[in-house]
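The structure appears right after this line, and notes come after that.
What you see is a predicted model; the values in this text were computed from it and never measured.
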Amino acid sequence: ASINVVGSVYDQNSYVFQQGRTLGYYVQLAGGPNRNADWHHAFLIRADGSVISRKRTQGSGFWKESFNDVRLNPGDTIVVPEKTLRPTALRGFLEWSQVFSQLAVGAAVVNAL
């Protein structure tokens with residue numbers, strides 16, 4: 001019986017299941033989330049196919065357990081997705097200025113011919 005840890009962690013691997021161990025234990029065993037990890041959107045795929053998201057376990061209830069404290073079963077898979085790049089205003093400005101620069105160079109070449 002094993003636990004799989006995949007995604008943006010330092011050591012994606014399958015680890016031997018140990019009774020009573022938590023999700024946080026196995027993530028730390030894999031070296032923890034790396035700098036490209038989107039830890040806020042991590043989720044657990046149970047061996048029966050059900051999914052537990054990190055957001056679902058976060059809450060204001062007194063009895064709500066944290067995502068790191070979820071007890072695992074044999075065959076579970078922990079998925080830590082990678083961050084997606086969001087375009088910034090500066091990046092958009094640089095891309096558009098590059099387009100206009102290339103258009104100006106093209107127009108200058110056509111004018112010279």
Query raised in the report: Hey, does the side chain of Arg54 reach the backbone of His41 with a donor-acceptor pair shorter than 3.5 angstrom?
Result: no
**Report entry** Heavy-atom closest pair, residues Ala42 and Pro81
**Finding:** CA-CD, 3.7 Å
Requested in this report: Applying side-chain hydrogen bond (donor to acceptor under 3.5 Å, both in side chains), name anything that partners Asp11, two or more places apart in sequence or on another chain.
Outcome: Tyr15
Query raised in the report: Do the non-hydrogen side-chain atoms of Lys83 and Asn36 ever get within less than 4.5 Å of each other?
Result: no
Report task. Over all heavy atoms of both residues, which pair between Tyr26 and Ile78 is shortest? Give the atoms and the distance, please. Result -> CB-CD1, 3.8 Å
Report task. Please round to the nearest 0.5 Å and tell me the distance separating atom CG of Leu72 and atom CD of Gln19. Result -> 10.5 Å
Query raised in the report: Just by distance, do the side chain of Asp38 and the backbone of Glu82 share a donor-acceptor pair under 3.5 Å?
Result: no
Query raised in the report: Which residues pass the side-chain contact (heavy atoms from CB on, under 4.5 Å) test with Ser50, sequence neighbours left out?
Result: Arg46, Asp48
Report task. Flag yes if Val51 and Val6 sit in one hydrophobic cluster, no otherwise; membership is Ile, Leu, Val, Met, Phe, Trp, Tyr, and two members link when side-chain heavy atoms are under 4.5 Å apart. Result -> yes
Query raised in the report: Listed by chain and number, what are the salt bridge (Lys or Arg N to Asp or Glu O under 4.0 Å) partners of Arg21, not counting sequence neighbours?
Result: none
Query raised in the report: Of the non-hydrogen atoms in Asn73 and Asp76, which two are nearest, and what is the gap between them?
Result: N-OD2, 2.8 Å
Query raised in the report: CD of Gln18 to OG of Ser2: how many Å apart, nearest 0.5 Å?
Result: 12.0 Å
**Report entry** Identified side chain to side chain contact (heavy atoms under 4.5 Å, CB included) partner of Tyr25 from the options Leu23, Thr22, Val27
**Finding:** Thr22
Query raised in the report: Going by heavy atoms in the side chains, are Leu44 and Val70 under 4.5 Å from each other?
Result: yes
Query raised in the report: Cluster question for you: counting only ILVMFWY and a side-chain heavy-atom cut-off of under 4.5 Å, with indirect links fine, are Val105 and Val99 together?
Result: no
Query raised in the report: Can you name the closest pair of heavy atoms from Asn68 and Trp39 and give their distance?
Result: OD1-CZ2, 3.2 Å
Query - Over all atoms of both residues, closest heavy-atom pair of Ala47 and Pro74 - result: CB-O, 3.5 Å
